[in-house]
Structure formats: structure tokens, C-alpha cells
Amino acid sequence: MADLHETASQTAGPYVHIGCMPNAAGIAGVYPDDLGVQMVRADTPGQHITVSGHIYDGTGAAVKDALVEVWQADADGNYPEDGTGFTGWGRTASDPDTGLWHFETIKPGPVTHGEGLAMAPHLTLWIAARGINIGLHTRMYFPEDTDAHATDPVLARIKQPLRSDTLIASPQGEAAYNFNIHLQGLGETVFFDV
Amino acid sequence: MPSTLSEESGPVFGSVALGPLDGDLTINFAQPGETAIGPRIIVHGRVHDETGHPVSGALLEVWQANAGGRYRHKNEGYLAPLDPNFGGCGRVTTDENGVYALRTVMPGPYPWPNGTNDWRPAHIHFSVFGHSFAQRLITQMYFEGDPLIWRCPIVASVSDRTAIERLIAPLDMDATVPMDARAYRFDIVLRGRRATYFENRPEGI
């Protein structure tokens with residue numbers, strides 16, 4: 001087969017929400033709902049959690065026009081395959097005034113990674129915003145899973161402990177987590193070239 | 001990093017019930033019986049992976065300025081008017097051959113605050129989901145013959161000239177609908193099957 005070249009990425013620009021979350025952008029009536037805004041229902045199996053955070057640029061200012069997507073396994077550690085039930089995928093916008101984003105979801109289970117091995121429970125996050133030319137892939141791990149972190153194959157690839165700490169959320173009360181993402185500078189979040 | 005299941009899997013949008021008008025920006029925001037103002041165009045093409053295999057079921061979401069170069073957004077300050085019949089968003093999924101088609105109006109170029117006199121070439125933003133989360137792509141499509149393309153610093157952020165040329169959709173007279181709409185062809189290539197083989201199938205990301 002042909003050996004084709006991947007289409008070049010370009011910045012999402014400041015108006016990504018027109019296309020991806022038009023209802024949130026004030027364009028009502030085209031789609032009934034924005035895709036990915038509701039990940040769970042009351043009967044979705046698993047521990048229901050809230051994940052929230054800010055995205056900070058290199059000057060420490062909160063990014064207010066970002067699009068954040070999450071992809072995750074279900075409570076049993078399986079990635080949904082058919083789009084029914086728990087979809088495993090969510091999409092949210094930074095608040096245009098404060099920059100805060102949040103997801104209501106469930107805590108994923110450990111994901112199989114090779115025979116007898118597992119990755120610690122994690123969310124895969126993808127971020128697009130003005131000024132970002134290529135969407136950024138990162139992960140969020142859960143603070144209570146320290147034993148699983150010790151054997152996680154992806155965390156193991158990050159040699160400096162201070163850097164891998166950027167992928168671990170902070171507890172924020174009952175079933176809630178805070179995860180701040182730093183695009184540049186001191187404490188820059190680890191992003192993956194996937 | 002070497003990919004894992006977390007990157008090799010991805011959301012499935014087959015069950016997303018797209019509305020019949022979602023892919024027609026000329027009418028999906030318009031009052032009944034009215035259409036958006038501007039040159040009517042069809043944008044169509046095929047989504048492949050890097051080995052040339054079509055990507056079926058890919059969700060494409062697009063957004064763009066109206067024919068005057070004005071986005072429908074509260075932060076937008078350009079003096080060109082809004083079109084009451086144009087929202088600026090659309091979406092479509094590819095068929096089993098990776099083929100998609102949208103209808104819209106030609107977006108206008110617009111000035112933006114960068115240098116003293118920078119203008120964006122006419123463009124349509126594309127957000128694309130393939131079969132795996134690692135294939136996630138956002139890009140911009142330009143139009144053949146637009147002299148602003150080679151003056152635009154955002155275009156120039158892509159350092160490879162041939163990669164820029166692949167973002168420029170040529171006029172496609174064969175797909176033009178006479179007395180209705182011109183057509184532009186924009187093919188998209190998602191990363192794919194680059195290095196990882198799994199389950200004995202020549203797939204991966």
C-alpha cells in the first residue's frame with residue numbers, strides 16, 4: 001500500500017469550541033448536545049469521581065480557551081469498544097472566565113499491559129488551544145495508587161521522579177481530584193510523543 | 001513513547017446519531033427556507049492512514065468564519081457582519097471507504113492582531129478522530145489559489161512546504177454540482193500502523 005504522509009497539525013485557534021462544543025460557544029440549535037459533555041449516568045458502574053484543574057501557560061496564566069478531552073477505561077480496566085454504555089470519552093472546555101475545566105466520570109480500573117502486567121489506573125488527556133500547534137497528550141494518575149505507580153510501565157520511563165509527579169493528581173475531598181497542567185516552564189507537565 | 005492500549009484504542013462514534021443537516025453548514029443554522037450567504041461549495045475527500053488504508057467511521061468536526069470572514073463567537077471583534085443564517089459548525093463521519101462530504105459557503109479571509117497587517121487566508125478548521133486516540137488531529141484546510149496562504153505565519157508554522165501544500169484543497173470540477181456548488185477536495189492522512197503491530201495484525205498506531 002501507499003506510504004502516505006500524515007496531515008500536518010495546525011493550531012485549533014481561539015474558536016475551537018464553535019466546532020467541537022457549539023452549544024457551549026453559544027451556537028444553539030445545530031446539535032442537540034455537545035459531544036462528550038456527559039460521560040456517566042447515575043447507574044454507570046464504578047466509583048463516580050470529579051476531576052478538575054487549570055491549564056497554565058509559561059507565564060503562569062490560566063488558559064481560558066482550551067479544549068480538554070479524556071479517554072479512559074471503565075471500572076474494570078476495559079476500553080469501551082462499541083460506543084454504547086460508558087463511552088470512556090469526554091470533552092470539556094476551560095471556563096472562559098476562570099480557565100477551570102472539569103469532568104464527571106468514574107475511576108478507571110488498571111489496564112492490562114502485556115501478559116500479567118498492568119498499567120496503574122489513569123486518564124489519557126488531550127489538549128488543544130490557541131498557540132498549541134499539535135494537540136498535547138498526557139496522562140493523569142490517581143494519588144492513592146502509589147503501589148501501582150511503582151510498576152507502571154509508562155511512569156517507569158520517566159527517569160526523574162519530580163517529572164513523573166506532574167502526572168499525579170491531588171486529592172480534593174471526597175471522590176474528587178485536582179489536576180493542573182503546566183504547558184511550559186518550571187514544573188512543566190510531561191507530554192507524550194505517542 | 002511506545003504505544004499502549006491507552007493510545008491504540010479510541011472512542012467510537014458509530015452510535016452518535018448525526019442529524020441530517022449536520023454536514024450542511026449552508027442550512028444547519030439557517031431559518032427554514034433560508035440559506036447562508038456566500039459562494040456555495042462542497043468540501044469532500046477521503047481519510048486514510050499512513051499506509052493508505054481508508055479510515056471508516058472517522059468523525060470530522062469543522063468550524064469556520066462566514067463568507068465575510070466573521071466567526072460567530074463572543075470574543076470576535078472583526079467589523080464584518082454576522083450572517084443570521086450561518087452558525088459556522090458542521091460534522092460528518094466517513095463511510096466504509098473513508099469518504100466524506102460537507103456543504104458550506106466559502107469562508108472569507110480576515111485580519112488578526114499579530115503584525116500590523118496580517119490576514120488569515122480563507123480556511124476551514126478540521127477536528128478528526130480516527131480509530132485510536134493517538135490519531136487525534138486538528139488541522140486547517142486552505143483553498144487552491146489563495147495568495148494569502150504564503151503570507152500567513154500560522155501556515156508557516158508548518159516548516160515543510162510539501163506538508164503545507166497537502167493542506168491546500170484543489171478545486172475539483174468533477175465533483176462540482178452544476179448551477180449549485182463548486183467542489184474542493186481535501187484528503188486527510190492520520191498517523192497509523194507506524195511501528196506497533198498487535199494481535200498479529202498489521203495495525204497499530
Side-chain angles (χ1 to χ4, degrees), chain A residues 1-20 22 25-32 35-36 65 67 69 71-73 79-84 87-90 96 111-114 119 122-124 126 128 132-135 137 139 153-154 157 192-194, chain B residues 1-7 9-16 19 21-22 28-29 48-53 59 61-64 71-76 87-91 125-128 133-134 136-140 154-155 157-158 160 162-164 166-167 187-192 205:
Chain A
M1 294 294 280
D3 187 17
L4 302 177
H5 296 277
E6 183 185 358
T7 300
S9 178
Q10 289 250 271
T11 181
Y15 302 140
V16 60
H17 308 105
I18 293 176
C20 293
I27 299 174
V30 181
Y31 311 145
L35 281 184
D65 53 13
L67 181 78
E69 293 181 352
W71 173 237
Q72 65 165 95
Y79 280 99
E81 291 181 350
D82 62 3
T84 62
T87 65
W89 178 77
V111 174
T112 302
H113 181 71
M119 294 187 280
H122 63 278
L123 309 180
T124 297
W126 188 83
I132 298 175
N133 288 330
I134 299 176
H137 285 269
R139 287 186 177 195
V154 172
R157 295 182 62 83
F192 296 107
D193 179 14
V194 300
Chain B
M1 69 171 185
S3 62
T4 72
L5 189 57
S6 301
E7 293 77 37
S9 56
V12 175
F13 294 102
S15 66
V16 174
L21 305 183
D22 286 5
N28 72 13
F29 189 78
H48 297 104
D49 67 22
E50 286 173 303
T51 60
H53 291 84
L59 175 68
E61 297 164 290
V62 299
W63 65 102
Q64 65 169 83
Y71 284 97
R72 184 175 286 277
H73 195 282
K74 67 181 176 65
N75 294 339
E76 165 73 284
C89 61
R91 62 185 180 186
H125 295 266
F126 275 73
S127 165
V128 187
F133 209 53
R136 192 78 181 84
L137 173 73
I138 283 184
T139 191
Q140 301 181 30
I154 289 177
V155 172
S157 68
V158 177
D160 176 358
T162 60
I164 293 173
R166 289 193 291 269
L167 298 179
D187 293 331
I188 295 168
V189 180
L190 302 178
R191 68 175 59 193
I205 59 174

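Reminder, nothing fancy here: chain letters follow the sequence lines and each chain counts from 1.
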Contacting moiety of Val30(A), where chain B heavy atoms sit under 4.5 Å: both

According to the interplanar angle, ranging from 0 to 90°, do the rings of Phe133(B) and His137(A) count as parallel (below 30°), tilted (30 to 60°) or perpendicular (above 60°)? perpendicular

May I ask you to decide whether Glu7(B) forms a salt bridge with Arg139(A), counting only side-chain N to carboxylate O separations under 4.0 Å? yes

Best-contacting candidate, Leu59(B), Val62(B), Asp22(B), against chain A by heavy atom pairs under 4.5 angstrom: Asp22(B)

Check: Pro22(A) and Trp63(B) side chains under 4.5 Å, non-hydrogen atoms: no

State, yes or no, whether a side-chain contact exists between Gln140(B) and Val155(B) at a heavy-atom distance under 4.5 Å. no

Counting only heavy atoms closer than 4.5 Å, note whether Leu167(B) contacts chain A via side chain, backbone, both or neither. side chain

Max heavy-atom pair count under 4.5 Å with chain B, selected residue of Glu69(A), His122(A), His17(A): Glu69(A)

Test side-chain contact (heavy atoms from CB on, under 4.5 Å) on Leu35(A) and Cys20(A); report intermediate values, then the result. CA-CA 8 Å; Leu35(A) 281 184; Cys20(A) 293; over 6 Å; no

Per-residue contact mode, Ala8(A) against chain B (heavy atom under 4.5 angstrom): both

Measuring heavy-atom distances to chain A, does Arg72(B) have an atom under 4.5 Å in its side chain, in its backbone, in both, or in neither? both

In the structure I gave you, are the side-chain heavy atoms of Gln10(A) and Val158(B) within less than 4.5 Å of one another anywhere? yes

Counting N and O atoms only, with roles assigned by atom type, does the side chain of Asp49(B) sit under 3.5 Å from a partner on the main chain of Leu190(B), one being a donor and the other an acceptor? no

Where on Ala28(A) is there a heavy atom nearer than 4.5 Å to chain B: the side chain, the backbone, both, or neither? backbone

Could you look at Ser6(B) and say if it's the side chain, the backbone, both or neither that has a heavy atom under 4.5 Å from chain A? both

Honestly, the part of Val16(A) sitting under 4.5 Å from a heavy atom of chain B is both

Between the main-chain N or O of Ile18(A) and the side-chain N or O of Tyr71(B), is there a donor-acceptor pair closer than 3.5 Å? no

Chain A heavy atoms under 4.5 Å from Glu76(B): which part of the residue, side chain, backbone, both or neither? both

Is Tyr15(A) in contact with chain B via its backbone, its side chain, both, or neither, using a 4.5 Å heavy-atom distance? both

If the plane angle is over 60° it's perpendicular, under 30° parallel, otherwise tilted; pick one for Phe13(B) and Trp89(A). perpendicular

Would you mind checking which part of Pro153(A) comes under 4.5 Å of any heavy atom in chain B, side chain (CB onward), backbone (N, CA, C, O), both or neither? neither

What part of Leu21(B) is in contact with chain A, defined as an atom under 4.5 angstrom from a non-hydrogen atom: side chain, backbone, both or neither? neither

Is Asn75(B) close to chain A through its backbone or its side chain, or both, or neither, when contacts mean heavy atoms under 4.5 Å? both

